[in-house]
Novice: 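Below is the structure I would like to discuss, written out as structure tokens.
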Amino acid sequence: MNMKFKAPRGTNDHLPVDEHIWNFVEKTARKTAHTFGFHQIDTPMFEQTELFRRGVGEGTDVVQKEMYNFKDLGNNELTLRPEGTASVCRAFIEHGMHNEAYPVRLFYLGPMFRHERPQSGRLRQHHQFGVEIFGDPSPEADVEIINLGLSYLSNLGLRELTVKVNSIGSGRSREKFQEALVQYLIPFVSKFSNEEQKKFKINPIRILDSKEKNLQDIIKGAPKPIDFLEDESKEHWDSFLNILSSTIKLFDGFNYEIDPNLVRGLDYYTNTVFEIQPFDSRSAQSSVLSGGRYDNLVESIGGPKTPAAGFGSGLERAILNLMKQPEYQADTHNLNGPKLMIVPLSEKAKLKAAELAKEMRRNNISIVIGPQSKSIKGQLRYANAISAQNLLIFGDKELEINKTLIKLKFNSNSVNEQSVAIDSKKILDKLTPENEVR
RNA sequence: GUGGGCGUGGUGUAGCAGGUUAACACGUCAGGUUGUGGCCCUGAAGAUCGAGGGUUCGAAUCCCUCCGCUCACCCCA
């Protein structure tokens, strides 16, 4: 057969068997954010292209070659959001949230789009849970963000995580470092690949982050941003490390390390940057949560100068890591069958079944009526296939005496048949006795 | 953008030193006496073997091209 349509490359359908895990992860994200006093904000999935150019940074890979840009019928230049922070900042400014009591705590949950070559843990449409805290310049805020991230991951059930941290400085610290780095690199530039030369021109700091083999030795000897921190940046960094080290002790099996070469691929970061990944991984691709401080972003897209920090975390990657853990490898995909299936055996019974179903659904009981295209046997087989938890069968005979048999625990091997009046209240009582947890 | 692996019914696979009706498991559907499931039994539907071209008397099996999936690199969540 010729399958005509397929989900576009790098996108996934979330099937019913995935419902459970996705709900779990999303619920955990929301709950954890709420326990830190964060509130949800949902922004559109596309924005004016310019927002990302300015926000994420003209020189980044994301902006240069990974954005889904398009023009709408009004000739507006729009882009499917490649990340969440720029949009949240835009909304923050647009709705005057800078006039609210600081700090303002926000989180989001939704799809992001990047045109890259898909591979394990990397998609063109993926989903992120992200948080942002606005208006708090203190290192405590940085740590709160990391704390929230670790809490979220640990609530999911992930173990053995490392937080990699670094400071890329800001203001004068950043300038001085950059000068030193450029001086150091100049003699080597001729040996760089085209790609690296370009990087060197646009944003030399990102050379540190390069994984190219022939650069590794050069990078080893290169100046590091943390050695150039001074004044506020220095104070911020020292204090940050201090608070972080005591906070991380509150978590079992998590640790942190300073990675002097950690540089994020998005331009807006200042001072603190971090990345969380499982112990066993080495590639950056396995990073499950990452973020940092961005004190200039709000201003650079037209808002008032507002210090801020946040993280983004890929849900697919979290799930990928969860699935690696033994406790999730077994029974993750058993769907819950309906609480009750009704098999009506006559026209009158069908009417009655519809009536019962309506009343009981009002009590949040999930009900399926047996498919009328099938024989009774077929309907019962179907009930079995969808794991109906209880089963009610009746026809004209039973309607006359207003009594029938209900098969409780139909989907188990200890079925319990009981007589019951054909009445929603009486049936409800049968469905919620001591042997059933509602 | 670069490189590796793969592409057979809904799913997972077998077949591949070329040879008549492409096999198996699971799933689906229908039956196994009148209105009662799960096990079991019987039967049925369902793939022109990713697409196109080539070699050959003959190709799912060999060659080429393209497409798709997947993994890795760059980079990112």
Side-chain angles (χ1 to χ4, degrees), chain A residues 1-12 15 17 56 59-67 81-85 110-130 149 153 193-196 198-199 203 206 209-213 215 263-266 275-277 282-291 311-321 337 341 343-346 349 370-371 373-388 390-398 404-407 409-415 417:
Chain A
M1 180 169 89
N2 266 335
M3 255 306 192
K4 254 193 177 157
F5 296 113
K6 287 183 178 170
R9 166 164 250 207
T11 66
N12 279 143
L15 302 176
V17 289
V56 177
T60 60
D61 281 15
V62 170
V63 170
Q64 292 247 306
K65 49 184 197 189
E66 293 175 2
M67 295 212 297
R81 63 180 181 199
E83 59 102 53
T85 302
M112 304 295 162
F113 308 84
R114 289 180 203 172
H115 189 98
E116 328 179 63
R117 213 99 183 242
Q119 63 183 271
S120 178
R122 193 172 67 200
L123 296 160
R124 288 184 175 180
Q125 182 189 74
H126 74 283
H127 298 76
Q128 274 189 37
F129 164 49
L153 297 173
S193 65
N194 286 345
E195 190 102 351
E196 300 297 331
K198 209 165 152 194
K199 220 188 257 181
N203 194 354
R206 293 196 38 231
D209 201 29
S210 172
K211 272 99 195 165
E212 268 195 31
K213 283 177 205 128
L215 283 184
V263 174
R264 309 303 335 292
L266 311 179
E275 217 165 80
I276 301 180
Q277 43 184 259
R282 43 199 81 117
S283 67
Q285 185 189 317
S286 58
S287 155
V288 70
L289 185 151
S290 64
F311 72 65
S313 176
L315 301 200
E316 283 84 354
R317 285 193 186 171
I319 290 173
L320 214 57
N321 280 295
M341 181 161 139
V343 178
L345 300 176
S346 69
S373 54
K374 290 183 196 270
S375 64
I376 291 97
K377 175 186 254 180
Q379 292 186 51
L380 288 169
R381 281 182 173 166
Y382 181 71
N384 195 59
I386 64 172
S387 301
N390 303 287
L391 188 93
L392 190 72
I393 307 180
F394 60 86
D396 288 340
K397 267 192 277 179
E398 292 78 6
T404 189
L405 287 178
I406 184 166
K407 298 181 190 237
K409 294 188 175 178
F410 179 79
N411 60 338
S412 73
N413 40 20
S414 56
V415 187
E417 278 199 2

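We use all heavy atoms of the structure for the numbers below, so side chains are in, but hydrogens, waters and symmetry mates are not. This is a predicted model, so every value here is computed, not measured. Below, read A as the first sequence line, B as the second, and so on, with proteins coming before strands; counting in each chain starts at 1.
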Novice: For nucleotides 34-46 of chain B, just jot down a letter per nucleotide in 5' to 3' order: B, S or -, based on protein non-hydrogen atoms under 4.0 Å.
Specialist: -BBBB-B------
Novice: Checking all strands, does A:Glu83 fall into the base, sugar-phosphate, or nothing category for heavy-atom contacts under 4.0 angstrom?
Specialist: nothing
Novice: It should be established whether A:Gln128 places a side-chain nitrogen or oxygen under 4.0 Å from OP1 or OP2 of nucleotide B:rA77.
Specialist: no
Novice: Choose from B:rA77, B:rC29, B:rU28 the nucleotide whose nearest atom is closest to any side-chain atom of A:Lys374.
Specialist: B:rC29
Novice: When the distance from CG of A:Asn321 to P of B:rA77 is rounded to whole Å, what number comes out?
Specialist: 15 Å
Novice: To the nearest Å, give me how far apart CG (A:Leu15) and P (B:rG27) are.
Specialist: 19 Å
Novice: Do A:Glu275 and B:rA77 have a side chain to base donor-acceptor pair shorter than 3.5 Å?
Specialist: no
Novice: Can you check the distance between B:rG54 and B:rA59, where both ends of the measurement are the C1' atom (answer in whole Å)?
Specialist: 12 Å
Novice: NA contact type, A:Leu315, heavy-atom cut-off 4.0 Å: base, sugar-phosphate, or nothing?
Specialist: nothing
Novice: Is any side-chain N or O of A:Ser313 closer than 4.0 Å to OP1 or OP2 of B:rA77?
Specialist: no
Novice: So if I take every side-chain heavy atom of A:Ser375 and compare against B:rG31, B:rA72, B:rA77, which nucleotide ends up nearest?
Specialist: B:rG31
Novice: Using the side-chain heavy atoms of A:Arg122, tell me which of these nucleotides is nearest: B:rC69, B:rC75, B:rU28.
Specialist: B:rC75
Novice: Between A:Lys65 and B:rC74, is there a side-chain N or O to OP1/OP2 distance below 4.0 Å?
Specialist: no
Novice: Apply ring pair (Phe, Tyr, Trp, His ring centres under 6.0 Å) to A:Phe311 and list each qualifying residue two or more places apart in sequence or on a separate chain.
Specialist: A:Phe129
Novice: Measuring only the C1' atom in each nucleotide, how far is B:rC62 from B:rU70? A whole number of Å is fine.
Specialist: 25 Å
Novice: With sequence neighbours left out, what residues match A:Gln125 under side chain to side chain donor-acceptor pair (under 3.5 Å)?
Specialist: none
Novice: Looking at residues at least two apart in the chain, or sitting in another chain, which of them share a salt bridge (charged side-chain N to carboxylate O under 4.0 Å, His left out) with A:Glu116?
Specialist: A:Arg122
Novice: Please report the distance separating the C1' of B:rU13 from the corresponding atom of B:rU8, rounded so that it comes out in whole Å.
Specialist: 9 Å
Novice: What's the separation between atom CZ in A:Arg264 and atom OG in A:Ser290, rounded to the nearest 0.5 Å?
Specialist: 3.5 Å
Novice: Any donor-acceptor pair under 3.5 Å linking the side-chain atoms of A:Ser286 with those of A:Arg317?
Specialist: no
Novice: Just to verify, what does A:Ser346 make a side chain to side chain contact (heavy atoms under 4.5 Å, CB included) with, not counting sequence neighbours?
Specialist: A:Lys348, A:Ala349, A:Asp396
Novice: Tell me which nucleotide among B:rC71, B:rA77, B:rU70 gets nearest to the side chain of A:Leu123.
Specialist: B:rA77
Novice: Check whether the side chain of A:Arg117 and the base of B:rC74 form a donor-acceptor pair under 3.5 Å.
Specialist: no
Novice: Work out how far the P atom of B:rC63 is from that of B:rU55, and round it to whole angstrom.
Specialist: 15 Å
Novice: What does A:Lys198 touch in the nucleic acid at a heavy-atom separation under 4.0 angstrom: a base, only the sugar-phosphate, or nothing?
Specialist: nothing
Novice: Using a 3.5 Å limit on both pairing distances, list the dot-bracket string of RNA chain B from the 5' end; Watson-Crick and G-U wobble pairs count, crossing pairs take [ ], interstrand pairs take |.
Specialist: ((((((((.[[[[.)...(...]]]].(((((.......))))).....[[[[[..)....]]]]])))))))....
Novice: Atom CZ of A:Phe5 and atom C1' of B:rC67: how far apart are they, to the nearest Å?
Specialist: 16 Å
Novice: Just the rounded figure in Å: distance from C1' of B:rA77 to CG of A:Asp209.
Specialist: 14 Å
Novice: For B:rC67, take OP1 and OP2 only and decide whether either is under 4.0 Å from a side-chain N or O of A:Lys6.
Specialist: no
